[in-house]
Amino acid sequence: MFEKILIANRGEIALRIHRACHEMGIKTVAVHSTADAEAMHVRLADESVCIGPPPSRDSYLSIPAIISAATITGADAIHPGVGFLSENATFASMVEEHGITFIGPKPQHIALMGDKVAARGAARELGLPVVPGSDGAVSSEKEALALSANIGFPLLIKAAAGGGGRGMKIAADEAALPEAFRMARNEARAAFDNDQVYMERYLGQPRHIEVQILADGHGNIVHLGERDCSLQRRHQKVLEEAPSPALNDTQCDEIGRTAVEAMKKLGYRSVGTIEFLYEEGEFFFIEMNTRLQVEHPVTEMITGVDLVREQIRAAAGSTLSVAQEDIAYMGHAMECRINAEHWRTFVPSPGRVKAYHAPGGVGVRVDSGLYAGYSVPPHYDSLVAKLVVHGLTREDCIMRLRRTLEEYVIDGIETTIPLHQRLAVTPAFMNGHYNIHWLEKFLAGLEG
Ligand code: MV4
């Protein structure tokens, strides 16, 4: 097992990884920008290295600074966390070339899933249900028109280098297709320096349901059920839950088994998430994330499996601690993403936290680096806390969510807690009748 892990990240996720390391008897190295010298992830780590100025590209995205920090401190592995360099295949390879273990998948699998055209092709070959669409990249308006006859309208044009909702254009009908195609290509070229695009049938009212995968390098692969991440605004997830209120046990098992079979064929290692759109009883693969995800705690709450611990074990060459038959689901879990933003306008609200009190009690988990006196820097993602609650039933879970949201005190900055309080008493949320568009409509209808 590793003796020392460098955590190439910040905030609540760096803390989360530190906790798994210390429970495994592994020392930690924090890296930080000058803006994060007082951050909790730096305070808790055994050692820390300042890797640059506040802008991410000069610190948390600086490959030389991070690999140098690992070399100087004698770290034998690097955990990339989420975002930043976590899905950068070049970084993963360079870490390994320096004799340091990258805690994540094989670089070729990161690269494969980062190219959405290649990922879609691989998914189809691996037996995952994909959205009806083009077989590969679509290279001309003429080809787009020819293919549209089989795909049908409305259809979506997506960027091969996109993902997370960037670079998508809807074409309502044949007349709108050439213009949508040109715009998608131009935007893709400008945003990603890669103008490859592909086409899919547009699903109008789907839910976003993702399957958690866990794999060691020895052929043991399990799934840990699904998460419903349909509650989002502008492609930012707001609240996630497991299990999905839209699925029955048979559907969960089926999509989980299909996902495991696909990952076995691929020879995947580490944690991973396969994202599907779910509409009228059918699943359609859209993307795969080859990293730990922000919302992984909801899966941990209903299974009791520590995903970061298993990810570290897999990277160290150990086998999984659990087999598929050991994985049982208990109750229901929800995660509220608490951002340092105004709850209605989503305008960022960095600044000093004057008072801080986190909720506790049965079935409550708070992942956050906040403390009284801490200043939230303006340079990074505004996620400052994840409130995760568990209940024996979805109803219990919602009651606990309301209670903990009442208890939570974060004074001095604006947060999205008031939004979660409103959501927690809204009928469409309470009965689970929502899709990927519901939250935006709910927000548009709010007063005050
Ligand atoms: C789609 C879709 C409808 N039909 N693909 C947006 C982010 C990216 N991961 C995929 N996305 C979508 N792909 C087809 N064929 C609708 C979306 C989408 C969406 C997906 C998941 C969660 C929120 C979303 C919000 C708007 C659009």
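One-based numbering, in listed order, for ligands and for the atoms of each.
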Exercise for review: Taking the six-membered ring of F285 (Phe, Tyr or Trp), confirm whether the NZ or CZ of R120 is under 6.0 Å from its centre and within 45° of its axis.
Suggested key: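 Not flagged: R120 not positioned over aromatic ring of F285.
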Review point. In terms of side-chain geometry, is the basic nitrogen of R234 or E440 positioned less than 4.0 Å from the acidic oxygen of its partner?
Key: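 No salt bridge links R234 with E440.
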Check your understanding: Does the ring centre of Y60 sit less than 6.0 Å away from the ring centre of Y380?
Key ->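 Close enough - the centres of the two rings lie under 6.0 Å apart.
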Practice item. Quick one, list the residues around ligand 1 where some non-hydrogen atom comes in under 4.0 Å, by chain and residue number. Key: V131, L156, K158, G164, G165, M168, E200, R201, Y202, L203, H208, Q232, H235, E275, L277, I286, E287, I436
Check your understanding: Parallel under 30°, tilted from 30 to 60°, perpendicular over 60°: which one fits the rings of Y278 and F283?
Key ->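 Tilted.
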Review point. According to the interplanar angle, ranging from 0 to 90°, do the rings of W438 and Y434 count as parallel (below 30°), tilted (30 to 60°) or perpendicular (above 60°)?
Key: tilted
Review point. Do you know which of R207, R394, K237 makes salt bridge (Lys or Arg N to Asp or Glu O under 4.0 Å) with D228?
Key: R207
